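Just below is one structure, and these are the notes that go with it.
Since the model is a prediction, treat every value here as computed from it, not as a measurement. Counting starts at 1 for both ligands and their atoms, following the listed order.
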Amino acid sequence: MSPGEMFTHFGSAIGGLAVIWAMFQQYIPLQLREHVERYTHKLVNFVNPYIQIVFHEFEGEKLKSSEAYTAIQNYLMENATAGAKRLRADSIKDSSQPLILSMDDHEEVTEVFKGVKVWWSSNKTTPKNMSFSFYPKTEERRFYKLTFHWQHRELITQSYVKHILTEGKAIAVKNRQRKLYTNNPSDNWHSYKQTKWSHVVFEHPATFETLAMEPNKKQEIMNDLIKFSKGKEYYNKIGKAWKRGYLLFGPPGTGKSTMIAAMANFLNYDVYDLELTAVKDNTELRKLLIETSGKSIIVIEDIDCSLDLTGQRKKKEEEEDDEGKEKDNPMKKMEKEEKKRSKVTLSGLLNFIDGIWSACGGERVIIFTTNHVDKLDPALIRRGRMDKHIEMSYCSFEAFKVLARNYLDIEDHPLLPTISRLFDETKMTPADVAENLMPKSDNEDAETGLRNLIEALKEAKELEAKNKAEEEKRAKAEKEEQEKKEHGDEEEVKESGASDKEVKENGVINGGVAAKEVKENGFAA
Ligand SMILES: Nc1ncnc2c1ncn2[C@@H]1O[C@H](COP(=O)(O)OP(=O)(O)OP(=O)(O)O)[C@@H](O)[C@H]1O
Ligand SMILES: [Mg+2]
C-alpha cells in the first residue's frame, strides 16, 4: 500500500469513528451514555498507569491566586521551556535582559527528575455555559497538569513537588520585578479576568540616600522599617497582624510621595496605590485588600481629599436642612445619591486597616499621606492603625546638604554658611530647593546652582517679611476697627444710659406729678 492510500484509509477510519461517536451522542439515552462514559473512564484508569496532579491558578473560591501555581510557572519558565514549541513572551525587564518565555496554553513539556520522566502541560478551561456574554474570558481558569507513572508516586509527590516549589520561589525572588499597582474601577472588574489591580513595573529611582531629611530622622525610619520587615516571629508572639501603618503629613512638595518610593526601594516591596474614589463601597475595598500580595506597601495619597471624613460627622440638623433643599432640586438629590453609592465609609476604611481581614497575607505596610493632618478623624490615625506619624517639613540646612550632594556633587563650598543662615531665617520646600539647584544648561556649574538658591531664598525671605508686615498691618487695622466699634458702642451706651436716666427721672417726675394729682384730686383726670 502506498503512503497516499494509507492516508486515505486512515482518514476514512477516523471519519467512521466520528460518525459512530456522533450517533452515540445523539441516539443513546443520556443515562445510558453516562454509564458507558463512567465505565470507559474506569477502564482507562485501570489500564492507564499514569497519575495526574492539577495545580489551579486560583484557590479559595478564586479569592486568592495560588502560590504553587506561580512557583510552577516560574520554574517552568526557567527550566522547561527549552522543550516547548509554542512559547509566550512575557514582560521584559529592560532592553539588556533576554526575553522571558513561558509555555503557551495547551503546550506540553517533559522533564527528568532523578531519572524519572514527568510531563507538564499548561491548560485552561472555559465553562460550558453557552449563554452570550460580552466578557467571554471572565470565567477562564488556568491550571498546570503534572503527569507521571504511578510507580514513582512517592518520589514525585514528596520530593519533586517540593523541589519545584522551592526552586520556583527562589527564581521568583531572583527575577523579581517590583510592581506598581493601581485599582481598576469596579465597573471593569468583569472585563479583564478577575484582576482588580492593574500594574506596571515599579521604577522610581528615589532612595533614602537621595531623600533630603535630617539624618537622625531618616535613620530612625530606616531602623523602624528593618525591624518591621524582620519581625514575623515577633508579631506572631505578640499576637498582632504583621503590618505597620505610617502617616506622612506636611505641606505640598516636602517629599511625601518620594518617601514612599524610597521605602519601597529600601524594603524591596511592591506598591499598591489605592485610589479610594474609584472604590464603590466597603465590600469592594475588602476585595481589593485580599487581592494584594505580601511584601507590599499599600498607599492612600491625600486621604483628606479622597474620603469625606468630615461628612461622616455632619450634624443631623444640617442633613435635614439639606433634605429640605433637595426636595426643591432633583439634580442635587441625584448627585447626592450617586455620591452615596460610591462611598467608602470611615468605618470601612478602619476595617480595611485593622479589621479581621487585614491580617490576610501579612507583611504589609500601609501609608497615608495628607497635607492637613488636623482634618483627619482621630480614630483613623490612632496608634495601631497609623503606628508611626512622620512629619515631612520644610527644608532644613541638613536636608539641603543631601540635595547639594545629589544635585551638584558638592560636600563643601564657601557659599554654604550664607545658605545656612538663610535657611534659619526663611522656609522653603525641598521641591523648590531642588528645582533651584538643578542645572538648567550644560554651562551651569555648582556655584550657579547655589547662587540661584541664595537668590530664591532671599526672595522668599523678602516675600515672607512683606506678607508678615501686611498681615500685621491688617491685624492692626482690624484691631483698631474693633476698638473703634467697641468705643462707639460704649459712647452709645453712655448716651442711651443718660437718656434712660432722663426718661426714668422724667417718668418718675411725671409719674410723681400724676400720682400727686390723683392723690390731690382724689381721681385721675
Ligand atoms: N525630601 C526630599 N528629598 C528629595 N527630593 C525631594 C524631597 N521633597 C521633595 N523633593 C522633590 O520634589 C518633588 C516633589 O516631591 P513629592 O512629590 O515627594 O512631594 P509631596 O510631599 O508628595 O507633595 P504633595 O503633597 O503635593 O503630594 C519630587 O520630585 C522630588 O524630586
Ligand atoms: Mg505627593
Side-chain angles (χ1 to χ4, degrees), residues 180-183 200 202-222 224-225 245-267 269 271-278 297-307 309 365-376 380-381 386 388-411 416 419-420 422-423 426-440 444 446 449-450 452-453 456-457 460:
L180 171 62
Y181 293 86
T182 184
N183 50 317
V200 290
F202 180 76
E203 287 175 320
H204 202 296
T207 60
F208 274 108
E209 283 78 58
T210 62
L211 188 74
M213 202 177 197
E214 279 91 75
N216 294 344
K217 212 168 149 187
K218 203 192 289 189
Q219 195 56 49
E220 190 191 314
I221 296 168
M222 285 159 82
D224 197 271
L225 290 172
Y246 291 87
L247 173 73
L248 305 182
F249 64 97
T254 48
K256 296 179 291 299
S257 307
T258 315
M259 163 75 93
I260 295 169
M263 282 176 164
N265 285 330
F266 182 65
L267 292 171
Y269 281 10
V271 178
Y272 287 85
D273 189 1
L274 178 61
E275 179 52 57
L276 265 191
T277 46
I297 299 183
I298 302 171
V299 182
I300 305 181
E301 289 248 42
D302 298 316
I303 179 76
D304 51 314
C305 307
S306 37
L307 188 65
L309 293 175
V365 173
I366 299 176
I367 305 183
F368 285 178
T369 74
T370 180
N371 294 140
H372 309 278
V373 69
D374 44 315
K375 271 198 198 169
L376 298 182
L380 187 61
I381 57 172
M386 293 292 109
K388 197 168 171 57
H389 297 188
I390 303 170
E391 180 174 10
M392 304 297 289
S393 188
Y394 292 103
C395 195
S396 64
F397 182 63
E398 286 300 321
F400 154 76
K401 283 210 282 198
V402 178
L403 291 175
R405 206 179 310 131
N406 289 338
Y407 283 71
L408 306 172
D409 293 318
I410 54 169
E411 292 286 346
L416 292 197
I419 294 176
S420 168
L422 281 167
F423 269 120
T426 187
K427 50 190 185 185
M428 188 179 261
T429 61
D432 287 337
V433 174
E435 181 53 32
N436 281 302
L437 290 183
M438 200 144 102
K440 309 290 179 306
E444 289 190 6
L450 292 181
N452 284 345
L453 178 66
L457 280 169

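The shortest separation from a heavy atom of D302 to ligand 1 is not under 4.0 Å, leaving the residue out of contact. Ligand 1 lies nowhere less than 4.0 angstrom from a heavy atom belonging to A434. Remark: distances from the non-hydrogen atoms of L248 to ligand 1 are all 4.0 Å or more.
Salt bridge status for K401 with E214: absent, with no side-chain N to carboxylate O gap under 4.0 Å.
Given atom 5 (N) of ligand 1, the protein heavy atom at minimum distance is L403 CD2, 4.1 Å. Scanning all protein heavy atoms for the shortest distance to atom 27 (O) of ligand 1 gives S257 OG, 4.0 Å. Looking from atom 28 (C) of ligand 1 to the surrounding protein, the closest heavy atom is T258 OG1, 3.8 Å. With hydrogens left out, the protein atom closest to atom 6 (C) of ligand 1 is P430 CB, 4.1 Å, a heavy atom. In terms of protein heavy atoms, atom 31 (O) of ligand 1 is closest to Y407 OH, 3.9 Å. A431 CB, 4.1 Å is the protein heavy atom nearest to atom 14 (C) of ligand 1. Of all protein heavy atoms, the one closest to atom 23 (O) of ligand 1 is G253 N, 2.9 Å.
In terms of polar-atom proximity, defined here as any N/O pair under 3.5 Å, A212 does make such a contact with ligand 1. The shortest N or O to N or O distance between M392 and ligand 1 is not below 3.5 Å. Considering backbone and side-chain atoms alike, T254 places an N or O below 3.5 Å from some N or O of ligand 1. In terms of polar-atom proximity, G250 is not counted as a contact of ligand 1, lacking any N or O under 3.5 Å from an N or O of the ligand.
Classified by interplanar angle (parallel below 30°, tilted 30° to 60°, perpendicular above 60°), the ring pair Y272/Y181 is parallel. Ring orientation note: the planes of F423 and F400 are tilted relative to one another, at an angle of 30° to 60°.
Rounding to the nearest 0.5 Å places CG of D374 at 9.0 Å from CD1 of I381. Atom CD1 of residue I303 and atom OG1 of residue T370 lie 8.0 Å apart, to the nearest 0.5 angstrom. Atom CD of E391 and atom CG of L247 lie 10.5 Å apart (nearest 0.5 Å). For the atom pair I390 CD1 and I367 CD1, the distance stands at 7.5 Å (nearest 0.5 Å).
No donor-acceptor contact under 3.5 angstrom links the side chains of T207 and N265, judged on distance only. Residues T277 and E275 bring a donor and an acceptor atom of their side chains to less than 3.5 Å of each other.
Which of M438, H204, K256 comes nearest to atom 20 (P) of ligand 1 through a heavy atom is settled by distance: it is K256.
Near P252, meaning under 4.0 Å from any of its heavy atoms, are these atoms of ligand 1: 23 (O), 24 (P), 25 (O), 26 (O). Which parts of ligand 1 touch N371 is read off a 4.0 Å heavy-atom cut-off, strictly below it: atoms 25 (O).
Between Y407 and M438, the shortest heavy-atom distance links the atoms CE2-SD, 3.7 Å.
A donor-acceptor pair is defined here as one N or O able to donate and one able to accept, closer than 3.5 Å; such a pair exists between the side chain of H204 and the backbone of A206.
For a distance bound of 2.8 Å, the N, O or S atoms of S257 include one lying that close to the Mg ion (ligand 2).
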